[in-house]
Amino acid sequence: MLLHRFCLGLFLLVAVPVTAATVQEDFDAAQAHLDARRLPQARAGFAALLERLGASKGRSAMIVRNRLGETMIAMADVEEAQPLLEAAVAGLPAGIAAVADERATALTHLARALEEQGRLREAHGHWQTIIDEKLLPSGSLGLMQARMGAARTGQWTQADAAARLIDGLLAEPDSAWGSPQASISGRVNVLRLKGQLAMRQGRLDDARRALDEAGRLAGGASSLQVNLDDVQLRGDLIVHAWLKKDMASVVRLTALSGASMLDESGGGQGGVGDLPPCTPTGTLAPDAMAVIEFSVRDDGRVVNVRPVYANPGSGPADSHPEEEFAAAVHGWSWPAEQAKATNPLWRAAVRVELRCQTMRPELVVASLNRDVDAWLATKGLKRPGFTGTDAQTRQQLLAALASVDAAGDIQAVAAVPLLAELMVNRAVGPAEQLDHARRLAALAKTHDAPVFVRELAQGRLNRSVADRFAMVRRLVALAEQRGEIRMADYLRLQQLNSRSGPEAESQLAAIAARHGEADPLRQQALLMLSDRAFARGDEAVAASALASTGLSPQQCALADVRPQGRNTFLTVDDFPREARAWGLSALMRVAHDVTPAGDIANVRVISARPPFAFSEQTVKRMQSWKFKPVLRGTETVGCMGRVQPIRFRLN
């Protein structure tokens with residue numbers, strides 16, 4: 001939107017009369033950077049200008065907040081932009097014609113920030129405000145954008161109003177969209193939205209008509225040549241085919257959408273982070289699901305997050321899986337080196353099929369982190385408190401690390417907590433992680449860091465199974481030497497996880513005896529001992545070990561104890577035939593429970609990229625898996641919420 005420079009200059013004269021000209025020049029310079037998409041310079045300029053204006057509540061300060069918020073959104077820092085934009089909206093009140101355009105701009109940016117975070121209902125309110133207050137001229141592109149935003153976000157809770165907005169947009173003349181190409185692209189997106197709404201309402205024939213019309217405008221849905229409109233449209237048709245139970249079309253359209261090109265471009269291992277918890281911890285039913293679309297920036301940040309389809313399943317009708325799953329995906333990150341190596345087209349509209357996850361606590365690791373925090377405190381340090389997605393915190397960690405290095409001491413202990421956080425950051429790719437691991441290993445030795453810190457680094461440096469076993473033996477000996485008994489036993493439990501027999505049980509009993517009743521190390525050792533005793537038929541020892549934990553017999557996944565599988569594997573024969581014929585690949589996570597008898601139950605895909613093409617056959621195959629029963633108390637119980645990662649890829 002055009003900036004009212006004359007008005008801005010007038011406002012600034014009132015707010016800061018002594019330096020009005022200089023402030024105006026600074027504003028113009030920052031705006032020029034923003035117009036040219038030199039975002040870091042624009043951000044620095046607007047931030048400095050806002051600091052000069054101080055606590056001013058004048059319109060000029062609100063306009064600067066609006067521009068700074070816009071810049072932050074363009075840089076994917078929507079959480080930081082949100083309070084600035086909220087202040088701008090509040091400071092540019094309704095009913096004043098002179099600021100109507102600026103208020104509309106602020107509301108637009110705020111709606112985008114909220115929509116990006118999955119807060120669709122709040123975003124809808126701001127899009128609708130632009131329309132209701134008549135802030136923009138009839139027929140303007142800005143108003144068209146607001147109507148589209150209101151339809152896109154309102155479809156989940158106000159379907160009838162969204163449908164009226166969609167029909168109104170389709171009735172607009174071609175000239176309302178701008179250029180001929182913009183008209184085609186805009187109509188394709190509105191028709192796609194019409195099809196998505198119809199699919200959610202179960203009107204599959206209406207959905208197909210809308211999507212077919214979009215396909216005709218976009219150039220068809222069967223060409224091997226694709227642009228972004230084609231990729232997104234075919235993604236919608238995949239959802240439609242899945243709802244129609246037409247799996248042959250799901251696979252064909254998945255291939256034609258280029259979904260597997262993400263793997264071939266080098267970015268296949270990225271993404272898929274945390275998922276919303278299922279009830280009772282969260283609000284979603286286990287069968288609630290959503291298909292979410294998103295883009296990946298060069299720096300690994302996930303942006304343009306949009307729910308395409310969602311269903312609450314057996315959950316309450318007023319649950320909002322579209323919001324919860326979109327919010328979760330907003331928090332994901334891609335390793336930056338993988339993102340950069342991937343063709344931008346194949347990461348512009350990535351789609352995933354998602355369901356909630358049964359959560360279990362990471363009790364032992366949390367306790368060891370507290371030990372590291374205590375060591376950091378002796379050095380006058382603490383764990384960095386950066387917030388945001390992994391991609392955002394990676395940038396913050398690297399900047400902090402650069403500041404430490406700029407002081408001239410590359411051996412500074414202050415680098416240790418920063419490097420340790422980079423070790424567990426999902427936006428750090430393998431090559432970058434290896435560099436950080438080498439440095440952390442050297443610093444941990446120089447500064448006599450706890451063994452847990454050394455294990456973080458050396459675990460990345462020792463890739464083969466043999467090297468890792470040797471590493472664990474060395475670290476156990478070092479932990480014993482340093483008096484870090486808890487860390488030594490944590491490492492021993494890793495070694496014992498796949499072992500059984502009298503010697504293993506003796507070591508587990510010894511570990512349990514060394515730690516207090518509430519220590520999660522003791523609880524994990526006793527649960528593992530209980531499992532092994534039951535597996536060899538000694539139910540009395542098994543029950544006694546369990547009773548000693550003080551835990552209730554709930555989940556065998558508690559404290560990371562896993563049931564032992566009997567036929568829990570997939571072979572090349574389990575690769576879906578049609579998917580193999582089309583050369584598709586997939587990255588999946590499948591959750592399941594284990595019954596007291598060792599049967600598998602409640603198998604469900606919790607994440608799949610691409611959606612649907614592999615899900616049905618994978619679930620069917622896994623339903624034949626068998627496990628050894630697990631004892632809890634005086635009887636066997638099942639295991640809830642186990643997660644199996646699965647990757648299908650043709651060599």
Side chain to side chain donor-acceptor pair (under 3.5 Å) between Asp390 and Ser333, intermediate numbers included: CA-CA 6 Å; Asp390 277 6; Ser333 297; 5.1 Å; no
Reported CG-to-CG distance for the pair Leu422 and Leu397, which is rounded to 0.5 angstrom: 4.5 Å
From CD (Gln155) to CD (Gln201), nearest 0.5 Å: 9.0 Å
Polar side-chain atom of Arg647 near backbone of Met588 as donor-acceptor pair, under 3.5 Å: no
Salt-bridge contact Asp77-Arg301 (side-chain N to carboxylate O under 4.0 Å): yes
Salt bridge flag under 4.0 Å for residues Arg351 and Glu353: no
pair Phe648-Ser585: side-chain heavy atoms closer than 4.5 Å: no
Candidate pair Gln145 and Met148, rule side chain to side chain contact (heavy atoms under 4.5 Å, CB included), full reasoning: CA-CA 5 Å; Gln145 179 186 59; Met148 184 70 174; 5.7 Å; no
Side-chain heavy atoms of Ile606 within contact of Leu354, under 4.5 Å: no
N/O donor-acceptor pair under 3.5 Å between Thr254 side chain and Val250 backbone: yes
Electrostatic pair Asp599-Lys626, nearest N-O below 4.0 angstrom: yes
Sidechain-backbone polar pair: His240 side chain, Leu204 backbone, donor-acceptor under 3.5 Å: yes
Approximate separation, where rounding is to 0.5 Å, of Trp582 CH2 and Leu253 CG: 9.0 Å
Separation of Arg187 CZ from Trp177 CH2 (nearest 0.5 Å): 6.5 Å
Pairing of Glu323 and Arg119 as salt bridge, 4.0 angstrom limit: no
Expected output: side-chain Ser140 to main-chain Leu143 donor-acceptor under 3.5 Å: yes
Backbone N/O of Glu432 and side chain of Glu337: donor-acceptor pair under 3.5 Å: yes
Stepwise side chain to side chain contact (heavy atoms under 4.5 Å, CB included) check, Ser295 with Val350: CA-CA 6 Å; Ser295 305; Val350 184; over 6 Å; no
Approximate separation, where rounding is to 0.5 Å, of Met75 CE and Glu80 CD: 9.0 Å
Side chains of Leu197 and Arg192 in contact at under 4.5 Å (non-hydrogen atoms): no
Under-4.0 Å salt bridge between Arg121 and Glu322: no
Pro321 to Ala290 - nearest heavy-atom pair and separation: O-CB, 4.4 Å
Note: Asp206-Arg209 ion pair, threshold 4.0 Å (strictly below): yes
Check: Glu122/Gln117 side-chain N/O donor and acceptor closer than 3.5 Å: no
Residue pair Ala151 / Ala162: nearest heavy atoms and the distance that separates them: O-CB, 3.7 Å
4.5 Å side-chain heavy-atom contact, Pro312 and Leu284: no
Heavy-atom check, side chain of Pro335 versus side chain of Val428, under 4.5 Å: no
Under 3.5 Å side-chain donor-acceptor pair for Gln617 and Asp574: no
Aromatic ring pairing Phe294/Trp334, orientation class (parallel under 30°, perpendicular over 60°, tilted between): tilted
Over all atoms of both residues, closest heavy-atom pair of Ala150 and His124: O-CD2, 3.1 Å
Short side-chain to backbone donor-acceptor contact, Gln433 and Met423, under 3.5 Å: yes
Residue pair Phe325 / Pro276, side-chain heavy-atom distance below 4.5 Å: yes
Heavy atoms of other groups near Glu616 CD, more than 12 under 6.0 Å: no
CA sep, side-chain torsions, deciding dist, call: Glu79, His330, side chain to side chain donor-acceptor pair (under 3.5 Å): CA-CA 11 Å; Glu79 286 87 356; His330 169 67; 2.6 Å; yes
Side chain to side chain contact (heavy atoms under 4.5 Å, CB included) assessment of Arg604 paired with Val619: CA-CA 7 Å; Arg604 60 196 183 87; Val619 168; 5.9 Å; no
CG on Leu85 to CG on Leu107, rounded to 0.5 Å: 9.5 Å
Side-chain donor/acceptor of Glu116 to backbone N/O of Asn304, under 3.5 Å: yes
Side chain to side chain contact (heavy atoms under 4.5 Å, CB included) assessment of Arg589 paired with Val605: CA-CA 6 Å; Arg589 287 191 293 173; Val605 173; over 6 Å; no
Minimum heavy-atom distance His109-Ile73, with the two atoms named: O-CD1, 3.1 Å
Lys/Arg-Asp/Glu bridge criterion (N-O < 4.0 Å) met for Asp298, Arg347: yes
Backbone N/O of Ser314 and side chain of Asp287: donor-acceptor pair under 3.5 Å: yes
Side-chain heavy atoms of Ser257 within contact of Ile238, under 4.5 Å: yes
Flag side-chain contact, heavy atom, 4.5 Å: Trp332 against Val296: no
Donor-acceptor pair, side chain of Ser183 and main chain of Ser179, under 3.5 angstrom: no
Atom of Val291, atom of Pro611 and distance for their closest heavy-atom approach: CG1-CG, 4.2 Å
N-O pairing of Asp299 and Arg394 below 4.0 Å: no
Donor-acceptor side-chain pairing of His320 and Glu324 below 3.5 angstrom: no
Check: Thr153 side chain, Gly149 main-chain N or O, donor-acceptor pair, under 3.5 Å: yes
Exercise: identify the closest heavy-atom pair between Ala349 and Val231: CB-CG1, 4.1 Å
